[in-house]
Number of protein chains: 2
Amino acid sequence: MTVTLADVAARAQVSPATVSRVLNGNYPVAASTRERVLRAVDELDYVLNGPASALAAATSDLVGILVNDIADPFFGIMASAIQAEIGGPGGRAGGERLAVVCNTGGSPERELTYLTLLQRQRAAAVVLTGGAVEDTAHAEAVAAKLRKLAQAGTRVVLCGRPPAPDTGSAALTFENRGGARALTEHLVGLGHRRLGYIAGPGERTTTRHRLEGHRAALAAAGIEDDPRRTVHGRYDRRSGYEATLELLRRDSSLTAIVAANDSVALGACAALRESGLRIPEDVSVAGFDDLPFSIDAVPSLTTVRLPLAEAGARAGRIAMGREEQPPGGIASVRGELMVRGSTGVPRAS
Amino acid sequence: MTVTLADVAARAQVSPATVSRVLNGNYPVAASTRERVLRAVDELDYVLNGPASALAAATSDLVGILVNDIADPFFGIMASAIQAEIGGPGGRAGGERLAVVCNTGGSPERELTYLTLLQRQRAAAVVLTGGAVEDTAHAEAVAAKLRKLAQAGTRVVLCGRPPAPDTGSAALTFENRGGARALTEHLVGLGHRRLGYIAGPGERTTTRHRLEGHRAALAAAGIEDDPRRTVHGRYDRRSGYEATLELLRRDSSLTAIVAANDSVALGACAALRESGLRIPEDVSVAGFDDLPFSIDAVPSLTTVRLPLAEAGARAGRIAMGREEQPPGGIASVRGELMVRGSTGVPRAS
DNA sequence: CGTCGTGCAGAAAGCGCTTGCTAAATGGCT
DNA sequence: AGCCATTTAGCAAGCGCTTTCTGCACGACG
């Protein structure tokens, strides 16, 4: 039914070993023989059996990219960049690797299961993107898995995620704290004193770091941090919308709202607008990430640009062993404050 | 070095066969034995060797999802929905499948290569999303691959893509033509007579169908279709921005711009705004797809909503054999016109 | 009390490929 | 002409798992 290596060998009048070598190209084969084999492959429409090959060679060409939410452009952009470097098909010769993205949906269990599945497949490399869940047990479980993967020869790279010490993984970490701090400092510098903060889900490193940066800026300016001015939610538009309504309910004198990311900020804008408030005259709004659509908001969003594509590309290269690991296995990636129309001086009050 | 089935067997004092059966759970094993095996698995921290298993069983648990651009939420949303149904890890019991998304970047070669790679891996199912490239040679090559995949027992589903007859694949097709027509009819009904159209890349089914719908609406209204009012570009914001400038240069008396999708429409809005034109007072703008951010545009975007998540979920279920194929293997999915703030009556002129 | 059905476990034959080693040419030297 | 170094090809032993077939033991039944 299915054509095997042996069939090709028979047709080309050579041994299976030779066919294998022609296909893998890492062993001298006479030009004439090679051609004969290639012709047979073509005529028979032969397709290598991946599992068999992986089993025999004890390696596979699978590269896994784990993302928290594939429907979120934040991850889409990173995944796209990573994958472009992995080569996927169409990459540079020889390294024909299957880059696959796995959507964990932010669930710790799924993250672990995907890691196991990837381990099962003897993946060549794994890239984990985005914030991690801050549960000690889970973090330890993930660390253990990463260690095991590394031991098995799988290259592990973290992109936009805090380092996992002693796991043999390289990490490209976003400076969420610094970016968030710069953002809030900008607002404070403008004269804002009553700022609401819409945080992401609790127990996430990204959420915590951004919040810490925000608070650090407030503290530095001597502004008391009223816990009622912080609301937690998901990293999506809807959540920003609802959280804003809640913040307004708690204190309608807010002059600025800082959001966990751009999508959330967009939701905040919608809520403000519906509440009859102007941006930025009545309330300033700031996001984070600088996703493509942020510049199209009206007014365009003040935010912190994260070099998602660049970081992803670098992570991809490291995963392929095409770029050496950063010193100490850790590199931190800075965000850049983008001041745009959605933030301004607070109204006199 | 690595723990194998045999190691587990030795530890549990049973034969490898028994261990395999416990793990696969499709053969009676006494409870006490099972428990012993499970304990050994746990103690040894055993992880099944995927390739070996796939080789022996002649099947794998890989499901491939092909997308044109993973950084585009259009695909992200569909992929997410598909994957949620595949189960990925965490899906219903037994069906632990590795759903992976493959980014073709819109390149025909990569599409083909990914298909081959998936075939190599003996994938359980493959879902192709989004428009296809309209090159006869390539279409035939893809069809041939799909046929081969189907023969090998891989279930093939097309989602948001025109049917591929005689390939043994199921298709969920978006009614791009109908949606586009309704959209333009809406504009014409408002009184517009000079409409610009920003199309996607040529040679794509989606591009062509949407354009045809637009033209059909114009024709029905007796409006001459001036080719100078159509510009082709990519499916992204940038492209919309540039195309709009070009359209304006060609004819500054346009009263409406219909874009290939929402991202393009957003770019168009930016260009119009920078040109000092108001939306919709001076120029109406319409998009397509109704991605989440569209409602947040100011004014919010009139567009055609495509049930991306629903279609994806259905495609996923079909791919898993959990829902039967639509009659004839083809189902068409309708879009819904969403009239919002970005379209209005044209200025009197 | 012998026989048969049933439930559970093991032996062993692959699945299709890679690769270390060996063998056979080939050609260049002396 | 005889030898050795070089190429190039084949042999065969696995890689780790699944699965068919066989075998054993036990209780039930006539």
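Note: hydrogens, waters and symmetry copies are ignored here, and every other heavy atom, side chains too, is used. To find a chain, count down the sequence lines: A is the first, B the second, and so on, and within it residues start at 1.
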Test: A:Arg147 and A:Glu140 ion pair at under 4.0 Å: yes
Distance in Å, B:Thr2 OG1 paired with B:Leu44 CG, rounded so as to fall on 0.5 Å steps: 11.0 Å
N or O in side chain of B:Thr33 less than 4.0 angstrom from C:dA9 OP1/OP2: yes
Side chains of B:Thr18 and B:Ser15, donor plus acceptor under 3.5 Å: yes
A:Ala57 side chain, from C-beta outward: closest of D:dT18, C:dC21, C:dT18: C:dT18
Nearest-nucleotide pick for B:Val29, side chain only, options being C:dA9, C:dT18, D:dG10: C:dA9
Criterion side-chain contact (heavy atoms from CB on, under 4.5 Å) on B:Gln121 and A:Leu48, from CA distance to verdict: CA-CA 9 Å; B:Gln121 303 299 326; A:Leu48 187 72; over 6 Å; no
Interatomic distance where CD belongs to A:Gln121 and P belongs to D:dG16 [whole Å]: 15 Å
Separation of C:dG16 P from A:Leu48 CG (nearest whole Å): 12 Å
Spacing of A:Arg36 atom CZ relative to D:dA9 atom C1', expressed in whole Å: 11 Å
Rounded distance in Å - CG (A:Leu44) to P (C:dG16): 14 Å
Candidate nucleotides D:dG10, D:dT19, C:dT19, ranked by approach to the side chain of B:Asn26 - the nearest: D:dT19
Short side-chain N/O contact to C:dT18 OP1/OP2 from A:Asn24, under 4.0 Å: yes
Donor-acceptor contact present, side-chain A:Thr154 to main-chain A:Ala123, <3.5 Å: yes
N or O in side chain of A:Thr18 less than 4.0 angstrom from D:dG10 OP1/OP2: yes
For atom CG of A:Asn49 and atom P of C:dG16, their distance in whole Å: 7 Å
B:Leu5 CG - C:dG10 P separation (whole Å): 13 Å
Side-chain N or O of A:Thr4 closer than 4.0 Å to phosphate OP1/OP2 of C:dG16: no
Sugar-phosphate, base or nothing in reach of A:Val19, heavy atoms under 4.0 Å: nothing
Polar atoms only, N or O, under 3.5 Å: list the protein pairs with nucleotides 12-14 of chain D and their distances.
none

Straight-line distance of B:Ile77 CD1 to B:Leu308 CG, nearest 0.5 Å: 5.5 Å
Whole angstrom value for the distance that separates P of C:dA9 from OH of B:Tyr27: 9 Å
A:Ser15 side chain near D:dC11 phosphate (N/O to OP1/OP2, under 4.0 Å): no
Spatial distance of atom CZ (A:Phe75) from atom CD1 (A:Ile82) [nearest 0.5 Å]: 10.5 Å
5'-most by nearest nucleotide on DNA chain C - B:Arg21 or A:Leu55: B:Arg21
